[in-house]
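First the structure, in the form of structure tokens, and then the observations on it.
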Protein chains: 2
Amino acid sequence: MSENELNLSKSLKQLAYETLKQKIVSCEILPGSTLTEDMLCEMLNASRTPVRDAVSRLEQEHLVSIKPKKGIRVNRVSMNSIKELFEVRCLLEPAAVLKYGNRIPDEVYARYTQQFRRKNLPTEELYRVDDEFHQMFITASNNRYFRSVYAMIADQVLRYRVLTANGPRDEIAQEEHYEIAANCIRGEWELASRLMLQHIENSKLAIVHYVLDTNRNAHNVFLEEDED
Amino acid sequence: MSENELNLSKSLKQLAYETLKQKIVSCEILPGSTLTEDMLCEMLNASRTPVRDAVSRLEQEHLVSIKPKKGIRVNRVSMNSIKELFEVRCLLEPAAVLKYGNRIPDEVYARYTQQFRRKNLPTEELYRVDDEFHQMFITASNNRYFRSVYAMIADQVLRYRVLTANGPRDEIAQEEHYEIAANCIRGEWELASRLMLQHIENSKLAIVHYVLDTNRNAHNVFLEEDED
DNA sequence: CATTATATTGATGTATACAACAAATGTCAA
DNA sequence: TTGACATTTGTTGTATACATCAATATAATG
């Protein structure tokens, strides 16, 4: 490399991992694309070593598949992968609310109830709060394995937001979040857990419906089952 | 490298990953050890590239920690890690029995009931069947994320077997397995699921007690909390 | 003797050259 | 035209040299 424009403290491999992942979940790199290491080297301004490291991690997270001697394939979003992702969420998140919700101070829940009731938040901010809320319960579990698997799926879920952003479900979801937080304050953990389950199932349905609808008019690269 | 004794079809990075992992879970490399890439290169007869790849994967599975500029540390087995592992198992496995148990043919369950009733099986064989039985439900889920996370923890659990092998709980566990399989045949999924939960909790207790006992007489490198 | 500054060491991070291999392409013959 | 076969191309797999940085040892100085 000629000149490193910036010598950040982060290692290149970490940087490569984060930016590549970001490009994938934001659909800047389209699902189904096949890339080569060289392309990624150029894209990320790094040599093959950190790029390979990043790709290897992304493969373990099921975001890409390495096809030896053929290329690096960005995994498609299939109906099956939606099923998998929400299966995990439906198992993990309600359990986290039930078992670890009481580790979170009431003040935190109170802050969320306020935020979930505010209207006209910028979309970006709204989603950030949303993600944070869900993440919070997993973090509270203080369990590396829960955190690992949730990190995998949370990033995947971001990809769906590109599809369904600014939909009519946004404010319904806010209300569901509100109810969950409110019941956490009241110590109604079982109810909160059930509401979380319902909320996630609703999200899944919304995505499934959206995908089925837009799949009728062709022109999308998202669906289609995983081939080969 | 001078001479490759065998040019197996497997890639070196895959081979390095598997053998290194095997050495760790079998405690051939003791928990708490700090290694360097060079040591691993020599041990695995490979250059740094495949070794780094292997270590990177093992880090994601929480088996080792890479301390930049210091070395590769084989994570210790702490009371906290036991808690984490069994937390995952208690959530995942009973749910898998309940939701996916009916995907497994009765003949399979019947075969297991026979095997769990056989006495005087070689220890190794006994454990193999045991692992296979537990794994089966996760595999039946047909969910990549469940399989990933279970692969992580299953390997870790193997390490505990080095500690507690041939203990008095072995035949009790076999009986518990029998009851689970028998209830799966009868279609009593909820009962089977509860029995699975109980079985896992019993296993945890046995390990915890064992660890606490042997911890009194010093001489073990397994426990001790993770430092730094 | 203590303490600070400096030099050395040794570890991973990074870049890159080379090997191996599979797919694609083109050529020649039937 | 079509088939088989050789060649070329392009990709990842592997080895290794070099860069970087932190910890440690060492020496000089108050």
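Quick note on labels: first sequence line is chain A, next is B, and so on, each numbered from 1.
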Subject >> salt bridge (charged side-chain N to carboxylate O under 4.0 Å, His left out) partners for Asp170(B), two or more places apart >> reply: none
Original post:
Who are the side chain to side chain donor-acceptor pair (under 3.5 Å) partners of Gln60(B), not counting sequence neighbours?
Top reply: none
Original post:
Are the charged groups of Arg128(B) and Glu132(B) less than 4.0 angstrom apart, N to O?
Top reply: yes
Please report, rounded to the nearest Å, how far the [atom2] atom of [N] is from the [atom1] atom of [X].
{"X": "Lys67(A)", "N": "dG13(D)", "atom1": "NZ", "atom2": "P", "result": "13 Å"}
{"X": "Lys69(A)", "N": "dT11(D)", "atom1": "NZ", "atom2": "C1'", "result": "7 Å"}
{"X": "Lys70(A)", "N": "dT9(D)", "atom1": "NZ", "atom2": "P", "result": "21 Å"}
{"X": "Lys13(A)", "N": "dA15(C)", "atom1": "NZ", "atom2": "P", "result": "13 Å"}
{"X": "Tyr17(B)", "N": "dG13(D)", "atom1": "OH", "atom2": "P", "result": "16 Å"}
{"X": "Arg73(B)", "N": "dA11(C)", "atom1": "CZ", "atom2": "C1'", "result": "17 Å"}
{"X": "Leu12(B)", "N": "dG13(D)", "atom1": "CG", "atom2": "P", "result": "11 Å"}

Original post:
From the list dT14(C), dA15(D), dG13(D), which nucleotide is the closest neighbour of the side chain of Ser11(B)?
Top reply: dG13(D)
Subject >> Proximity to DNA chain D (any heavy atom under 4.0 Å), residues of residues 34-43 of chain B only >> reply: none
**OP:** Classify the side-chain pair Ser81(A)/Arg144(B) by whether it contains a donor and acceptor separated by less than 3.5 Å.
**Re:** no
**OP:** Kindly state each residue pair satisfying ring-ring contact (aromatic ring centres under 6.0 Å, His included) with at least one member in residues 22-55 of chain A, sequence neighbours excluded.
**Re:** none
Residues in side chain to side chain contact (heavy atoms under 4.5 Å, CB included) with [X], at least two apart?
{"X": "Glu201(B)", "result": "Cys90(B), Leu197(B)"}
{"X": "Glu93(A)", "result": "Arg89(A), His134(A), Ile138(A), Tyr150(A), Met196(A), Ile200(A)"}
{"X": "Ser26(B)", "result": "Gln22(B), Glu28(B)"}

What side-chain donor-acceptor pairs closer than 3.5 Å can you find for residues 100-108 of chain A, not counting sequence neighbours?
unit_1	atom_1	unit_2	atom_2	d
Tyr100(A)	OH	Glu87(B)	OE2	2.8
Arg103(A)	NH1	Ala140(A)	O	2.8
Arg103(A)	NH1	Ser141(A)	O	3.3

**OP:** Using a cut-off of strictly less than 4.0 Å between a heavy atom of the residue and any atom of DNA chain C, enumerate the qualifying residues of residues 48-58 of chain A by number.
**Re:** Arg48(A), Thr49(A), Pro50(A)
Subject >> Touch class at under 4.0 angstrom, heavy-atom based, for Ile66(A) against every strand present >> reply: nothing
